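Inspection log for the structure reproduced underneath, given as structure tokens.
Predicted, not measured: the structure shown is a model, and the values here were computed from it. Throughout, protein chains are lettered first and strands after them, A, B, ... in sequence-line order, and every chain is numbered starting at 1.
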Protein chains: 2
Amino acid sequence: MSREMEEVRDHFIQGISRITHFWGFPKAMGALYGAIYLSPEPLSLDEMVSLVGVSKGAVSTNIRNLERLGVVHKKIKVGDRKDYYIAETDFWKIVKGVLREREKNEFDLALRSVGESLDMVKEIETAGTVSEETLFYQQRITELKSFFDSLDNLVATLIALDDLRSGVIKNIFKKQK
Amino acid sequence: MSREMEEVRDHFIQGISRITHFWGFPKAMGALYGAIYLSPEPLSLDEMVSLVGVSKGAVSTNIRNLERLGVVHKKIKVGDRKDYYIAETDFWKIVKGVLREREKNEFDLALRSVGESLDMVKEIETAGTVSEETLFYQQRITELKSFFDSLDNLVATLIALDDLRSGVIKNIFKKQK
DNA sequence: TAGAACGTTTAGTTTGAACTAAACAAAGTA
DNA sequence: TACTTTGTTTAGTTCAAACTAAACGTTCTA
């Protein structure tokens, strides 16, 4: 590969790297995706090490996370013990995968936490102590909880759509344009 | 305030804290919003210090960012040199504010970075070197760029909507339910 | 003018996530 | 069996972001 092409590749990888980091993922994760995305052939772990310039361990853990999110796919060759990876090129699908993961993990927990707070207030009230203060708390927490519920449903809906691209999102986009 | 109510408040604050941290903001930022959101009265800087338990400096910088995002609002009282803050309670508006900020800052930069990569490939090609490799690069990078453009437009559209709540998002939500 | 009451800024510290190096496990091959 | 080739795990390190403590600037009051 020519020096110019390598420059393009590195510039691109660095760009993707920054984006993923901005959205709260390790920089190496984005770099890996970038490298795989720009490779016509499936990449092995060692190839990624030399392309991205991080350690074997880092590639191993990051590539596993990428696959869990559905951002890359393992591609095994017969008679070859190496694992090869190719990039998912349907970006809306990738978005869905990421949303699904975030939904499952922490969002849920947040929702529960707010729900618990609400339960605590209600318990205080049923114990007899109803004041302006408890009512205010209950109202505010209820409002936030209902917002989270809406968000939760919205994300669940998006995830459930068969094809996000030709689905709702694109329609909004078109209409508004 | 009763001990039980303080427990509720702290539990709630901790929950909000976790959410904001998960989405890439400082934990103290969420804690501050939680404290203000649960206060019937506007809060001063010193009150926030004692409620949230971080230093004055941290409150100062975090509250400024919250205000910049439109998540809280400054409320000055006449004949009182303190700054007081109240919470924005329209959560969709908050989402818009955050999206607007992210849009402005880093997303733009990401878009530009990918665009630059594309320009670089094209330049190589106009210099005479057209190969399977350059074509592959061009195709891949173009596809990603077009995705980013769509996203960019989508977010811009959402931001531009007067009232997100009664707007598109809610419609999607209703339809799908 | 001095001093108090604010919010801001800065220099230094803390913290936790992500990384490296290296040991390890598994599975094939001579 | 011993050795190679692969991916994984672990113990320790690095580094950037967020924090603290304290100095600072400003504005009001006596």
**Complete:** Connected to A:Ile76, directly or through other members, by ILVMFWY side-chain contacts below 4.5 Å are none
**Message:** Tell me if a side-chain donor or acceptor on B:Ser17 pairs with a main-chain N or O of B:Lys27 at a distance below 3.5 Å.
**Reply:** yes
**Asked** Would you find a donor on one side and an acceptor on the other, under 3.5 Å apart, between the side chain of B:Tyr137 and the backbone of A:Val8?
**Response** no
**Request:** Report the residue (B:Gly57 or A:Arg64) whose heavy-atom-nearest nucleotide on DNA chain D is the more 5′ of the two.
**Result:** A:Arg64
**Prompt:** Which residues, if any, of residues 12-39 of chain A bring a heavy atom under 4.0 Å of DNA chain C?
**Reply:** A:Pro26, A:Ala28
**Request:** Examine B:Lys74 relative to B:Tyr84 and say whether NZ or CZ is less than 6.0 Å from the centre of the six-membered ring and inside a 45° cone about the ring axis.
**Result:** no
**Prompt:** ring pair (Phe, Tyr, Trp, His ring centres under 6.0 Å) with B:Tyr85: which residues, sequence neighbours excluded?
**Reply:** none
**Asked** Per the end-axis method with five pairs at each terminus, what is the bend angle of the helix from C:dT1-D:dA30 to C:dA30-D:dT1, to 10°?
**Response** 20°
**Pairing residues for B:Phe22 by the ring pair (Phe, Tyr, Trp, His ring centres under 6.0 Å) criterion, not counting sequence neighbours** = none
What side-chain donor-acceptor pairs closer than 3.5 Å can you find for residues 48-60 of chain B, not counting sequence neighbours?
from, atom 1, to, atom 2, distance (Å)
B:Ser50, OG, B:Glu47, O, 3.0
B:Ser55, OG, B:Ala58, N, 3.3

**Request:** Taking salt bridge (charged side-chain N to carboxylate O under 4.0 Å, His left out) as the test, write out the residues that go with A:Lys82, two or more places apart.
**Result:** none
**Message:** Treating A:Thr142 as the side-chain partner and A:Gln138 as the backbone partner, does any N or O pair qualify as donor plus acceptor under 3.5 Å?
**Reply:** yes
**Message:** So, using ring pair (Phe, Tyr, Trp, His ring centres under 6.0 Å) as the criterion, who are the partners of B:Phe91 when residues are at least two apart?
**Reply:** A:Phe147, B:Tyr37
**Prompt:** Which other residues belong to the hydrophobic cluster containing A:Val130, where Ile, Leu, Val, Met, Phe, Trp and Tyr are joined when side-chain heavy atoms lie under 4.5 Å apart, directly or via other members?
**Reply:** A:Leu135
Within the sub-3.5 Å range, which N or O atoms of nucleotides 4-7 of chain C have a protein N or O partner, and how far apart are they?
from, atom 1, to, atom 2, distance (Å)
C:dA5, N3, B:Arg81, NH2, 2.7
C:dG7, OP1, B:Asp83, N, 3.1
C:dG7, N7, B:Lys56, NZ, 3.0
C:dG7, O6, B:Lys56, NZ, 3.4

**Request:** With sequence neighbours left out, write down each residue that passes side-chain hydrogen bond (donor to acceptor under 3.5 Å, both in side chains) with B:Glu133, or none if nothing qualifies.
**Result:** none
**Request:** Provide the start and end nucleotides, 5' to 3', of the part of DNA chain D that has atoms under 4.0 Å from heavy atoms of chain A.
**Result:** D:dT5 to D:dT9
